[in-house]
**Student:** 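Dumping the structure here so I can ask a few things about it.
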Amino acid sequence: MTTRVALGLSYRGEAYKGWQSQPGGGTVQDALEAALSQFAAHPVRTICAGRTDAGVHGLNQVVHFDAEVERDPFSWIRGSNRYLPKDIAIQWCEFPGADFHARNHARGRRYAYLLREAVVRPAIETGSCGWVFRPLDGDAMRAAAAVLIGEHDFSSFRSAECQALSPIKQLRAIHIKKHGAYWRFEFDASAFLHHMVRNIMGCLIAVGSGTRSVQWLAEVLAARNRQVAAPTFAPDGLYFVGPYYDAHLHLPEHVAALDWLPGA
């Protein structure tokens with residue numbers, strides 16, 4: 001008998017080669033599976049809701065796995081966190097049923113990008129936010145972002161390494177707000193292509209800084225050509241906020257780290 005376990009995970013991506021396990025190790029998945037396997041005393045393999053790249057952070061990454069031992073939820077949290085490095089921590093544990101799938105059952109996913117607008121580069125928050133030294137026009141960025149809302153072919157914002165079967169995704173919302181020196185960009189979509197948010201960020205910043213017009217982003221979207229878009233922006237300020245599911249699963253969508261980001 002096995003039990004399907006769902007976990008919510010927070011991590012800083014700065015020290016890791018991304019989420020997905022690699023032969024040489026050094027990924028978030030490698031660290032998590034090693035900790036879970038040690039606590040459960042049997043090999044554990046996890047499936048996540050959304051893979052993140054090197055340097056990208058996770059606030060409420062959701063994973064599932066099948067456990068051969070019985071433990072209560074808090075024991076999974078406390079016991080497994082003992083074996084995890086300080087920049088990775090399980091936030092919650094639930095038992096959603098044997099048919100639950102962290103990736104396939106997600107109704108959508110959310111990302112946030114934290115951007116510092118200042119004359120000088122970050123120091124204390126280095127690795128935790130992106131940086132621009134030119135003033136940004138929020139109204140221009142919001143107007144440009146509006147053309148991306150809906151179901152579109154996002155090939156212009158897709159990396160060459162993207163393995164998605166289709167470039168067509170439904171982008172449900174983009175919210176842009178400023179808190180002091182920090183801009184917070186929030187993205188909600190059915191799913192995201194590889195580098196999609198970072199490529200959109202590069203374009204929005206080009207518009208916000210005045211180097212491109214508001215109308216330019218509509219031209220980029222229509223071109224369906226990665227070559228016409230702005231360069232991929234830095235991963236430092238990108239946070240996988242997490243997936244969301246049908247209400248009957250009762251899986252938490254909010255973790256404490258969400259309150260830590262400026263501009264909440």
Side-chain angles (χ1 to χ4, degrees), residues 49-53 55-57 106-118 129-179 181-244 261-264:
R51 291 174 289 186
T52 51
D53 293 331
V56 177
H57 316 294
R107 295 182 56 248
R109 294 157 180 83
R110 297 187 179 101
Y111 276 89
Y113 197 99
L114 184 62
L115 181 69
R116 167 173 158 147
E117 179 195 311
C129 66
W131 171 52
V132 292
F133 59 87
R134 294 188 180 94
L136 297 176
D137 183 335
D139 289 337
M141 292 190 293
R142 293 183 192 99
V147 307
L148 302 178
I149 304 304
E151 187 173 82
H152 302 288
D153 183 327
F154 284 96
S155 292
S156 292
F157 308 96
R158 179 183 192 177
S159 80
E161 294 79 25
C162 184
Q163 299 177 358
L165 296 178
S166 170
I168 298 175
K169 303 298 175 187
Q170 183 185 53
L171 188 53
R172 295 166 178 161
I174 301 178
H175 299 293
I176 304 172
K177 46 192 172 182
K178 193 178 184 186
H179 179 79
Y182 300 92
W183 291 91
R184 180 165 166 171
F185 298 75
E186 298 176 348
F187 302 85
D188 183 332
S190 57
F192 291 87
L193 301 169
H194 188 222
H195 285 177
M196 179 173 162
V197 175
R198 290 169 59 192
N199 291 334
I200 291 175
M201 282 297 305
C203 292
L204 290 176
I205 290 169
V207 172
S209 62
T211 60
R212 294 287 188 174
S213 69
V214 171
Q215 295 74 23
W216 173 71
L217 199 53
E219 298 170 6
V220 172
L221 178 65
R224 302 178 184 176
N225 183 349
R226 178 70 190 95
Q227 300 304 312
V228 306
T232 305
F233 206 65
D236 305 42
L238 185 58
Y239 295 80
F240 180 43
V241 174
Y244 49 95
L261 286 183

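These figures come from a predicted structure and were not determined experimentally. Quick note: residue numbers are just sequence positions, from 1.
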**Student:** Does any part of the side chain of Phe187, heavy atoms only, come nearer than 4.5 Å to the side chain of Val241, both counted from C-beta?
**Tutor:**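 Counting from C-beta outward, Val241 and Phe187 never come under 4.5 Å.
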**Student:** Working note: Tyr111 + Thr52, criterion side-chain contact (heavy atoms from CB on, under 4.5 Å); need CA distance, chi angles, decisive distance, verdict.
**Tutor:** CA-CA 11 Å; Tyr111 276 89; Thr52 51; 4.1 Å; yes
**Student:** Write down the atom of Leu217, the atom of Cys203, and the distance for their closest heavy-atom approach.
**Tutor:** CD1-CB, 3.4 Å
**Student:** Enter the distance from Ile200:CD1 to Phe154:CZ here, rounded to the nearest 0.5 Å.
**Tutor:** 5.5 Å
**Student:** Can you see whether Tyr244 has Arg110 sitting over its ring - NZ or CZ less than 6.0 Å from the centre and within 45° of the normal?
**Tutor:**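 Verdict for Tyr244: a cation-pi partner in Arg110.
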**Student:** Give, for atom NE2 of His194 and atom CG of Asp53, the distance between the pair rounded to the nearest 0.5 Å.
**Tutor:**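 CG of Asp53 is found 3.5 Å from NE2 of His194.
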**Student:** What distance do Arg184 atom CZ and Ile176 atom CD1 have between them, rounded to the nearest 0.5 Å?
**Tutor:** 13.0 Å
**Student:** Drop me the distance from Ser190's OG to Arg107's CZ, to the nearest 0.5 angstrom.
**Tutor:**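 Answer for the OG-CZ pair, Ser190 versus Arg107, is 11.0 Å.
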**Student:** Using distance alone, with no hydrogens and no angle criterion, decide if Asp188 and His175 have a side-chain donor and acceptor under 3.5 Å apart.
**Tutor:** no
**Student:** When the aromatic ring centroids of Tyr113 and Phe233 are compared, is their separation below 6.0 Å?
**Tutor:** yes
**Student:** Looking at side-chain heavy atoms only, is the closest gap between Trp183 and Val132 below 4.5 Å?
**Tutor:**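 SC-SC contact between Trp183 and Val132 ruled out.
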**Student:** Under a plain distance cut-off of 3.5 Å, with no hydrogens placed, do Ser156 and Asn225 share a side-chain donor-acceptor pair?
**Tutor:** no
**Student:** Which atom names give the shortest non-hydrogen contact between Leu114 and Pro262, and what distance separates them?
**Tutor:** CD2-CD, 3.7 Å
**Student:** What's the separation between atom CE in Met201 and atom CG in Leu238, rounded to the nearest 0.5 Å?
**Tutor:** 8.5 Å
**Student:** Between Leu115 and Phe185, is any pair of side-chain heavy atoms under 4.5 Å apart?
**Tutor:** yes
**Student:** Measure across Lys177 and Arg142 and return the closest heavy-atom pair with its distance rounded to 0.1 Å.
**Tutor:**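 Distance-wise, the nearest heavy atoms are CA-NH2, 4.1 Å.
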**Student:** Is there a side-chain contact between Ser209 and Leu136 in this structure, where contact means two heavy atoms from C-beta onward sitting under 4.5 Å apart?
**Tutor:**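 Touching, per the 4.5 Å side-chain cut-off.
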**Student:** Going from OG1 on Thr232 to NE2 on His195, what distance comes out if it is rounded to the nearest 0.5 angstrom?
**Tutor:**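 Answer rounded to 0.5 Å: 6.0 Å.
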**Student:** Ignoring hydrogens and angles, tell me if any N or O in the side chain of His152 forms a donor-acceptor pair with the backbone of Ala222 under 3.5 Å.
**Tutor:**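 Absent.
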**Student:** If you count the non-hydrogen atoms of other residues, nucleotides and ligands that lie under 6.0 Å from CZ in Arg226, is the total more than 12?
**Tutor:** yes
**Student:** Indicate the atoms forming the closest heavy-atom contact of Leu171 with Ala189, along with that distance.
**Tutor:** CD1-CB, 3.8 Å
**Student:** side-chain contact (heavy atoms from CB on, under 4.5 Å), that's the test. Do Phe157 and Leu193 meet it? Break it down for me.
**Tutor:** CA-CA 8 Å; Phe157 308 96; Leu193 301 169; 5.9 Å; no
**Student:** Where is the tightest heavy-atom contact between Val214 and Ala144, given as atom of each residue plus distance?
**Tutor:**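 Of all heavy-atom pairs spanning Val214 and Ala144, the closest is CG1-N, 3.8 Å.
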**Student:** Taking all atoms of both residues into account, what is the closest heavy-atom pair of Arg158 and Asn199, and its distance?
**Tutor:**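 Result for this residue pair: N-ND2, 4.0 Å.
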**Student:** Can you find a heavy atom in the side chain of Phe192 that is under 4.5 Å from one in the side chain of Lys169?
**Tutor:** no
